[in-house]
Amino acid sequence: MGLVTPELGTFIWMFLAFAIVLFILKKFAWKPILNALKEREESIEDALRSADRAKEEMAELQADNERILQEARKEREAMLKEAKEMSSKIVNEAKQKATQEADKLVESARANIESEKSAALNEIKAQVANLSVEIAEKVLRQQFADDQQQKDYFKKLMDEVKLN
Amino acid sequence: MKNIHRFLLIFFFIASAVPAFASDEHDQHAHHDTHKKEKFEPGNFIMDHIADAYDWHILSYKDKHVSVPLPVIVISEQSGFHMFMSSKFHHGHDAYKGFYIAQEGEFRGKVVEKIDGHEVRPFDISMTKNVVAMLISMIFLMWIFISVAKAYTRRKGQAPKGMQSLMEPLILFVRDEIAKPAIGEKKYEKYMPFLLTIFFFIWLNNLMGLVPLIPGGANVTGNITITMVLAVFTFIITTFSGNKNYWVHIFNTPGVPWWLKFPVPLMPLVELMGVFTKPFVLMVRLFANITAGHMIVLAFVSLIFIFGEISPMLGYGTSVISVLFVIFMDMLELLVALIQAYVFTLLSALYFGMATEEHH
């Protein structure tokens, strides 16, 4: 029976010792240990989470880069196309303008030539008229230097009229 | 690690010095000790090894007993307070100041005194073998875990090292496998110090009980008083952390027909009994498991002496088989040491969990 009968003396020793040890261990061992463990776990969790976040950000960044590149490529293409169009337009316009200018030049040259020609012609006509008048005057002056000749010519003219 | 060696060295030095005195004193009395060869009694042999004692027995050779004397502190109704070393009893053969160790009867192995011709137990707060072993293990526990705690503050944010890395998985085991599932994520923290303390206290003492040499060899966790104190702590904590829901469950158990509660409060009585039987079972389970293990080991050892009395050769023959069985049992006991610490801690945690469970 001694084995299963609790002893008061042992009970008192054990109760006091256990209570004191529980208190001391709680204060100087379990609290710091558990806190340190918790802190470490939290820091590990934090680190993992931030690593995940970094990975996500990285992926996002990469996607962004890809998009930006795509856009740049598209833009470049558009710009090239535009430039080509512009250049061809400019060339066309220049061509057109050039032909127009050339046409205009030709036209004005032609007009000039025409007016020069007519002016020249007119001058020639006037010159010719003057010359012929002068020649005629000279001839007439020559022919009608003596009276006989005047009479002959007059006579001849008269004859011609009579014939008619 | 160096510290451990120093500690053990000092300890064994003290331990070996003290019994030397004890045995010297005994020698003087040996001659008027009319000792006839006693018949081997396995019952007494086992009981003496399992039960608490006033000295820490190391070995006996023929009539010489070598043991560490421990202080006896008694308060007698007649003669008041006494404190003396247990070596005064000369291993139970002599009386001192009217006190002696009862050799048989109700108080076998305990200090008693004769008052009016009756054997009476004085108020006995002696530092018995179990008390001293318990105190040693407590000091050991504090030393280990305070140094581990220091390592945590010193090596903040670093990976554990040495003793720290040995204890960390065990502490995490108690936290993650016992406290968290049994009590719940929200409330477990409050109970962690107690759970860790009983877990390591029980395990350490279970293991020390398996070591036959001083400072082991005391059957601390196989002592009903020790397990009773542990159970009382669990009971106190459970009762004080019981919330409204817990008490409602006991006194007005939901889901039970009303006629089981009124006019005869059958259910409340049963539930109230449960409040006390739970720690009682804790107490008995640990005590019985550890004591039984020790008993089996001692029984195998006893076999050697029983057969040895018949014929010495038979004794030698039996010893081979007995030792094999003892080795096997000790291996098993190593496992039991951990399992019982785990079970006690887990059940305590479950009771705390029940006490703090919210209504659902």
Side-chain angles (χ1 to χ4, degrees), chain A residues 1-70, chain B residues 47 50-52 73-74 106-110 123-128 130-131 134-135 138-139 141-142 144-153 155-158 164 167-168 171-172 175 189 192-194 196-198 200-201 220 222-230 232-233 283-284 287 291:
Chain A
M1 267 319 278
L3 206 57
V4 288
T5 317
E7 279 288 320
L8 184 58
T10 315
F11 188 94
I12 291 166
W13 279 109
M14 173 64 184
F15 196 91
L16 287 176
F18 190 81
I20 291 165
V21 168
L22 181 59
F23 175 76
I24 291 173
L25 281 180
K26 180 180 175 177
K27 195 156 181 213
F28 298 107
W30 305 133
K31 280 261 163 79
I33 290 173
L34 290 171
N35 285 343
L37 285 175
K38 206 173 181 187
E39 243 169 63
R40 201 171 63 201
E41 271 162 19
E42 271 165 13
S43 80
I44 288 170
E45 219 163 279
D46 266 3
L48 285 176
R49 218 178 294 136
S50 62
D52 267 351
R53 215 180 301 130
K55 216 190 267 172
E56 262 169 42
E57 267 167 29
M58 196 73 180
E60 236 168 74
L61 255 161
Q62 228 153 9
D64 265 8
N65 277 357
E66 199 67 28
R67 214 192 57 228
I68 287 169
L69 227 80
Q70 205 77 26
Chain B
M47 277 308 167
I50 288 170
D52 206 356
I73 306 162
V74 285
E106 193 189 346
F107 303 127
R108 185 173 182 278
K110 303 280 178 217
F123 180 60
D124 184 358
I125 45 169
S126 303
M127 294 185 75
T128 58
N130 280 340
V131 170
M134 177 269 289
L135 290 176
M138 293 277 196
I139 290 165
L141 269 186
M142 286 197 287
I144 291 175
F145 287 106
I146 289 173
S147 64
V148 167
K150 271 186 191 151
Y152 273 103
T153 43
R155 300 167 44 76
K156 208 174 179 126
Q158 284 174 280
Q164 200 189 351
M167 291 304 165
E168 188 172 308
I171 294 168
L172 287 178
R175 193 190 68 181
E189 271 172 17
M192 276 306 287
F194 177 71
L196 285 167
T197 309
I198 54 168
F200 286 108
F201 176 78
V220 176
N223 181 302
I224 192 106
T225 317
I226 303 283
T227 62
M228 186 179 180
V229 173
L230 295 173
V232 162
F233 268 93
M283 167 182 88
V284 172
F287 156 77
T291 303

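A, B, ... follow the sequence lines: proteins, then strands. Residue 1 opens every chain.
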Identify which part of B:Val74 has an atom lying under 4.5 Å from any heavy atom of chain A, answering side chain, backbone, both or neither. neither
B:Met142 versus chain A, heavy atoms under 4.5 Å apart: side chain, backbone, both or neither? both
Among all residues two or more places apart in sequence or in another chain, which pass the ring pair (Phe, Tyr, Trp, His ring centres under 6.0 Å) test with B:Phe233? A:Phe15, A:Phe18
Measuring heavy-atom distances to chain A, does B:Ile171 have an atom under 4.5 Å in its side chain, in its backbone, in both, or in neither? side chain
Region of B:Ile226 that comes under 4.5 Å of a non-hydrogen atom in chain A: both
Does the side chain of B:Met138 reach to within under 4.5 Å of the side chain of A:Met14, using non-hydrogen atoms? yes
B:Ile73 versus chain A, the contacting section by heavy-atom distance below 4.5 Å: side chain
So which part of B:Ser147 gets closer than 4.5 Å to some heavy atom of chain A, the side chain, the backbone, both or neither? neither
Tell me, do B:Phe201 and A:Val21 make a side-chain contact under 4.5 Å, heavy atoms counted? no
Under 4.5 Å between any side-chain heavy atoms of A:Glu41 and B:Leu172, yes or no? yes
Pick one of side chain, backbone, both or neither for B:Phe107, based on which atoms fall under 4.5 Å of a heavy atom in chain A. neither
Chain A contact via B:Met47 - side chain, backbone, both or neither, heavy atoms under 4.5 Å: side chain
Does A:Leu22 offer a backbone N or O that forms a donor-acceptor pair with the side chain of B:Thr197 under 3.5 Å? no
Residues in residues 29-40 of chain A near chain B [non-hydrogen atoms, under 4.5 Å]: A:Ala29, A:Trp30, A:Pro32, A:Ile33, A:Leu34, A:Ala36, A:Leu37, A:Lys38, A:Glu39, A:Arg40
Please report the C-alpha distance between A:Glu7 and B:Val131 in whole Å, then the side-chain angles of each, then the deciding distance to 0.1 Å, and finally whether the side chain to side chain contact (heavy atoms under 4.5 Å, CB included) criterion is met. CA-CA 11 Å; A:Glu7 279 288 320; B:Val131 170; over 6 Å; no
Around atom CZ of A:Phe23, are there more than 12 heavy atoms from other residues, nucleotides or ligands closer than 6.0 Å? no
Rounded to the nearest 0.5 Å, what separates atom CZ in B:Phe145 from atom CD1 in A:Ile24? 14.5 Å
Top contributor to chain A contacts, counting heavy-atom pairs under 4.5 Å, from B:Leu230, B:Asp52, B:Thr128: B:Leu230
Max heavy-atom pair count under 4.5 Å with chain A, selected residue of B:Ala51, B:Gly109, B:Pro193, B:Gly222: B:Pro193
B:Lys150, B:Glu189, B:Gln164: which one forms the most heavy-atom pairs within less than 4.5 Å of chain A? B:Glu189
For a 4.5 angstrom cut-off between non-hydrogen side-chain atoms, does A:Trp13 reach B:Thr225? no
Can you tell me how far the CD1 atom of B:Ile125 sits from the OG1 atom of A:Thr10, to the nearest 0.5 Å? 10.5 Å
